[in-house]
Enquirer: 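Below is one structure. I have some questions about it.
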Amino acid sequence: MGKNLVIVESPAKAKTIEKFLGKDFVVESSFGHIRDLVSKDMGVQVDNQFTPVYEVPAEKKDVVSKLKKLVKKSTQVWLASDEDREGEAIAWHLAETLGLDVKTTHRIVFHEITKPAILKAVESPRRVNQDLVDAQQARRVLDRLVGFELSPVLWKKIKPGLSAGRVQSVAVRLIVEREREIQNFTSKATYRVVGTFVKDNGKKFNAELNHRFENKEEALAFLENCKSTDFSIGKVDKRPGTRNPAAPFTTSTLQQEASRKLGYSVSQTMSLAQRLYEAGLITYMRTDSVNLSGLAINSAKDEITSQYGENYSKVRNFSTKNKGAQEAHEAIRPTYMDRQEAGADRNQQRLYDLIWKRTVASQMAEAKLEHTTATISGPNLGDHKFVAKGEVIVFDGFLKVYLEGTDEEEIEEKNALPALVQGETLAPHSIDATQRFSKHAPRFTEASLVKKLEELGIGRPSTYAPTISTIVNRGYVEKPVREGVMREYQFLSLQKGEILEETKTEKTGAEKGKLFPTDIGMVVNDFLVEHFNRVLDYNFTAKVESEFDEIAQGQITWNSMIESFYKDFHPNIEEVTENAERASGERLLGVDPDSGKNVYTRIGRFGPLVQIGEGDDEEKPAFAGLLSGQQIGTITLEEALELFKFPRSIGDYEEGEVKIGIGRFGPYVLHAKKFTSIKKEDDPATINLARAIELIEAKREADKNKFIATFDSEDPIVEVLNGRFGPYIKQGRNNFKIPKDVDPKSLTLEDCKKIIAEGPKGKGKKKTTKKAAPKKKSTRKSSK
DNA sequence: CAGTGAGCGAGCTTCCGCTTGACTT
């Protein structure tokens, strides 16, 4: 056993470093943070200078006790967590938890996992930097205060279980505001004119008119005019140009590019990258740095020189443009540049290929281009000219390997033009005027949202993917597939002296993988923006970050920074809790023709609903939940009234009634106490008995090899089932694990009851609560 | 998972960042 214990954050890193350091060193991992604010209640003593209350979470107990044992056997401990605010705090928590003296414990850092970098770090240890630790504590405490004081306001004023926070709420705001912008957008139609011209030698090329016409009459008049025009080439302009490669990948640019080129979601990209990292194939995948190690630059250079030639190589050092970047790691790159293909499966291989190409290209020469612009005019066209644009690659440089993708949907057409001479006359092959519609700003994709958040300095590489999951799981945003609709557009074409007119159709509005705000997302956002504009401000994070920097530099204390935030924030919370109206997004849809009562839509305790009648009526109002796909913002009176036809009986089957209803998770068929979801392609309003029976039978078939035994004497029914992970007992909504030494086939009802009595198995729920849960079935009748 | 929807009230929910397996039915 060595005398030195080195603690790093990641186990994969530990393995590599142990090889570099030799026999006298044991390298262990802390698996990230080992301590955090207590998970229940605030965990911050507001009245005691905001003193944090920390605990080692249950899932970290094993790691900590292992580290404690190793510390005992060591004479020197080296805290080697990352060199940033969080890393410094991890080092400090380790020192505190493991009982190390911060005055003597070594703290080392390195930005790249190479032998020279590690050995150099070991030569010059320092101590834990308390100012940096305090900056992290301020960050942590601020986020806790904001999140844990804002969320309960939402529970009270909108709906239980909701959440708000410095990062997630701004992410939702971006999506909501983009959606509003799109709703308010009115598309404008113009006529775009493109001419195809022919040279004497028969070569054709395209040129676009430098003007778009407002309407069909103008476009027609122009084409008419072209009939009798002799076209000739005006100015021909040739300009050299260059294009440079993009910087190596950071987490955010990798997520964007994998989304554009490979269609991966943000979390998919991260999990594939994690796999590659664990296999030692790429460097760390959560980074905001575009920096490459000297070693990597050199081996990229060798690789480029041998594969493409020396003139393709160009050593480049990139620097980050992001203000908030902490750069504790390298850019994401292949560990070994000479390994062009790697990965355990197709998806990993494609991601690795992308990383390899991006890294290599970043060390390659710029591409040399020649841009040509030629104008084409005619005597009676006035100021209107056709412009032909061409681009020729003179030297491909890095383009040989890689070209960064683009978010823009319509890319300007750039072709190679034939040789053009000023004054040369041309015959038009055809001149087309096509009706085009201006487009609204695009909705965010996961990746473009990450890009925007990074620009605003909000969130960190390790949180981009989880943040998206959070706002989806809370029901604030969703990623529906929108079919789109057909739209007509006019197409006019001048060919051989004749003008053709045609009405064509195209699909518009189809969306896939785009983020849409939900009803709840909008209501929550509007509430937060109205009452807590300071935290919802896009610059809030940037402002507090600069204060964290001041703490890190020792210019202000962390407690005073938090104090100055909290002294306004907390009264704001109290004021809103006290005085703000309940927010429900309520809208009056119209009058129900049957009862003459008003019909409303709003967010209720269980989600979006429609309501007939007033809350203070003598007769109670009727309620119905919305279907998935319906929004309180857009539902019509007719659609709302349809919803009151549920739940309804559609006939009998096997001596049981078949009912159709709408539950919290969508429409269902209920038969013989069993639920079957109605498929998306079926409309619950029109579904017939035959189809419902089909669904019931399909469900039975699917469940066939799932059931081992059913005890229907109980209420709710007790069932023994085969699950994906072995047999279990189900009663009502609860599942119970069957002990391994029990044969599920021979279980009797008594055995099952015994297992059930031992309590539900699984996370979260503490033992069976003694209190009989008051079922609130009777609530309907109980009032007055 | 699921058939509700006010209010009464107990007791629950919730943040961001750093890391991977444990867990899932």
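No hydrogens, no waters, no symmetry mates; every other heavy atom, side chains included, goes into these values. In the text below, chain A, chain B and the rest are named by the order of the sequence lines, each starting its count at 1.
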Enquirer: Anything under 30° is parallel, anything over 60° is perpendicular, the rest tilted; go ahead and classify Phe569(A) against Phe565(A).
Expert: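 Parallel, since the angle between the ring planes stays under 30°.
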
Enquirer: Between Ala580(A) and Lys157(A), what is the shortest heavy-atom contact and its length?
Expert: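 Where Ala580(A) meets Lys157(A) most closely, the heavy atoms are O-NZ, 2.8 Å.
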
Enquirer: For Ile603(A) and dT4(B), give me the distance from atom CD1 to atom P, rounded to whole Å.
Expert: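 Interatomic distance, CD1 of Ile603(A) to P of dT4(B): 18 Å.
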
Enquirer: Starting from P on dC12(B), measure out to NZ on Lys156(A) and report it in whole angstrom.
Expert: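 It is 19 Å, rounded to the nearest whole Å.
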
Enquirer: Expected output check: what is the dot-bracket annotation of DNA chain B, where ( ) and [ ] are pairs inside the strand (brackets for crossing ones), | is paired with another strand, and pairs are Watson-Crick or G-U under 3.5 Å?
Expert: .........................

Enquirer: Using the P atoms only, state how far dT25(B) lies from dA2(B), rounded to an integer number of Å.
Expert: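 Nearest-Å result for dA2(B) against dT25(B) at atom P: 14 Å.
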
Enquirer: Could you pull out all residues at least two apart from His93(A) that satisfy ring-ring contact (aromatic ring centres under 6.0 Å, His included)?
Expert: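 Once residues adjacent in sequence are excluded, the partners of His93(A) under the ring-ring contact (aromatic ring centres under 6.0 Å, His included) criterion are Tyr54(A).
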
Enquirer: Indicate yes or no: at least one non-hydrogen side-chain atom of Glu55(A) is less than 4.5 angstrom from one of Ser39(A).
Expert: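 Sidechains of Ser39(A) and Glu55(A): in contact.
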
Enquirer: Let me know which of Arg139(A), Arg286(A), Arg460(A) forms a salt bridge (Lys or Arg N to Asp or Glu O under 4.0 Å) with Glu86(A).
Expert: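 Between Glu86(A) and the candidates, salt bridge (Lys or Arg N to Asp or Glu O under 4.0 Å) is satisfied uniquely by Arg139(A).
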
Enquirer: Mind telling me whether His329(A) and Tyr284(A) have parallel, tilted or perpendicular rings, with 30° and 60° as the class edges?
Expert: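 Plane angle between 30° and 60°, so tilted.
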
Enquirer: Within the 4.5 Å heavy-atom criterion, are Asn598(A) and Glu614(A) side-chain neighbours or not?
Expert: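 A side-chain contact exists here, since the closest heavy-atom pair is under 4.5 Å.
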
Enquirer: Can you tell me how far C1' in dT4(B) sits from the matching atom in dT24(B), rounded to whole Å?
Expert: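 These two C1' atoms come out 28 Å apart once rounded.
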
Enquirer: How would you summarise protein contacts on nucleotides 13-19 of chain B per nucleotide, using B for base, S for sugar-phosphate only and - for none, with heavy-atom distances below 4.0 Å?
Expert: BBBBBBB

Enquirer: What's the gap between dT13(B) and dG9(B) when it is taken at their C1' atoms, as a whole Å value?
Expert: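 Taking atom C1' in both dT13(B) and dG9(B), they lie 16 Å apart.
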
Enquirer: Under a 3.5 Å cutoff, is there a donor and acceptor pairing between the side chains of Glu330(A) and Thr283(A)?
Expert: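 No, because no side-chain N or O of Glu330(A) sits under 3.5 Å from a partner of the opposite role on Thr283(A).
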
